[in-house]
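To start, the structure itself, in structure tokens.
Start at 1 and go down the list; that is how both ligands and their atoms are numbered.
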Amino acid sequence: MSSEVKPYSKEEDSKKEQVRRMFDRIAPHYDSLNMFLSAGMDKRWRKTAIGMLDVPKEALVLDVATGTGDLAFEIARQFEDAQVTGLDLAENMLVMARKKSAKRGLSSRVHFTLGDSEDLPFEDHSFHSVSVAFGVRNFGDLPRGMREIFRVLKPGGRLVVLEFTKPRTFPFKQLFQFYFKHILPFVGSFGSGDKRAYHYLYESVQAFPDYDRFTAVLSTNGFKNAGFKVLSLGICAIYTAEK
Ligand SMILES: C[S@@+](CC[C@H](N)C(=O)[O-])C[C@H]1O[C@@H](n2cnc3c(N)ncnc32)[C@H](O)[C@@H]1O
């Protein structure tokens with residue numbers, strides 16, 4: 001299960017602590033590496049994911065594991081009267097997010113807060129919609145994180161999760177596996193200054209319960225109508241579910 005895979009496998013502290021440390025470390029390089037390593041596809045994936053979010057007028061939307069804020073900004077772009085809260089464990093990722101928010105003139109509509117997805121600092125039923133991009137795979141306790149998201153969603157509210165999956169069709173599966181296992185960690189270790197970060201990316205995707213296994217996690221933890229849409233030949237998927 002994903003909780004077994006840690007960024008710095010030989011060290012003893014918890015997965016959550018290691019994940020926080022890793023993202024604090026790579027924060028200044030995160031955006032440019034994302035763009036380079038995904039050949040710009042990450043932008044399109046986020047746009048499609050937010051297109052599947054159900055956001056009523058003047059909605060409150062939570063973006064969990066917001067990182068440098070790109071998904072939160074996409075929500076603000078697609079839903080002009082929404083108030084967006086981006087939450088993340090790693091302060092240095094939020095420093096980047098706040099800078100981008102100020103630059104884009106979004107500081108009054110998009111707010112960033114430090115916090116843990118497994119212990120969300122919000123009342124029950126606080127948000128009309130919740131999103132997570134490339135975050136759930138990093139949770140220390142996945143079911144607990146999903147139960148917390150369920151708790152803060154309003155009844156009828158929608159969750160959208162964008163996450164890497166393992167491509168399943170020959171020969172793309174084999175080609176992508178080679179890129180993801182060998183080339184991406186090599187380039188990532190130079191670009192990010194962290195030797196382990198992009199090995200962890202590969203390992204955590206292998207361990208993550210993708211496709212039906214993740215919709216089962218959603219259903220087991222309270223969500224209804226859980227389903228998924230595969231993107232880019234199975235590099236990632238958008239999962240949707242409702243409270
Ligand atoms: C791969 S980044 C994704 C960032 C952003 N959502 C995006 O689309 O680029 C994963 C983020 O999840 C955050 N994260 C991991 N575990 C978390 C947790 N338990 N609570 C809150 N944030 C967490 C990390 O700090 C990191 O910023």
Step through it carefully: locate the ring centre of F73, locate the ring centre of F112, and say whether they are under 6.0 Å apart. yes

In terms of relative ring orientation, are F176 and Y179 parallel, tilted or perpendicular, with 30° and 60° separating the classes? tilted

Trace of the side-chain hydrogen bond (donor to acceptor under 3.5 Å, both in side chains) decision for Y8 with D13: CA-CA 9 Å; Y8 309 106; D13 45 4; over 6 Å; no

More than 12 non-hydrogen atoms from neighbouring residues, nucleotides or ligands closer than 6.0 Å to NZ on K181, yes or no? no

Hey, could you give me the CG/CZ distance between L162 and R46, rounded to the nearest 0.5 Å? 7.5 Å

Tabulate distances under 3.5 Å between N/O atoms of ligand 1 and N/O atoms of the protein, writing both atom names on each line.
residue  : atom   : partner : partner atom : Å
ligand 1 : 6 (N)  : A65     : O            : 2.8
ligand 1 : 6 (N)  : A133    : O            : 2.9
ligand 1 : 8 (O)  : R46     : NE           : 3.0
ligand 1 : 8 (O)  : R46     : NH2          : 3.2
ligand 1 : 9 (O)  : Y30     : OH           : 2.7
ligand 1 : 9 (O)  : R46     : NH2          : 2.9
ligand 1 : 19 (N) : D116    : OD1          : 3.0
ligand 1 : 19 (N) : S117    : OG           : 3.0
ligand 1 : 20 (N) : S117    : N            : 2.8
ligand 1 : 20 (N) : S117    : OG           : 3.3
ligand 1 : 22 (N) : L89     : N            : 3.3
ligand 1 : 25 (O) : D88     : OD1          : 2.6
ligand 1 : 27 (O) : D88     : OD1          : 3.2
ligand 1 : 27 (O) : D88     : OD2          : 2.7

Test: D70 and K100 ion pair at under 4.0 Å: yes

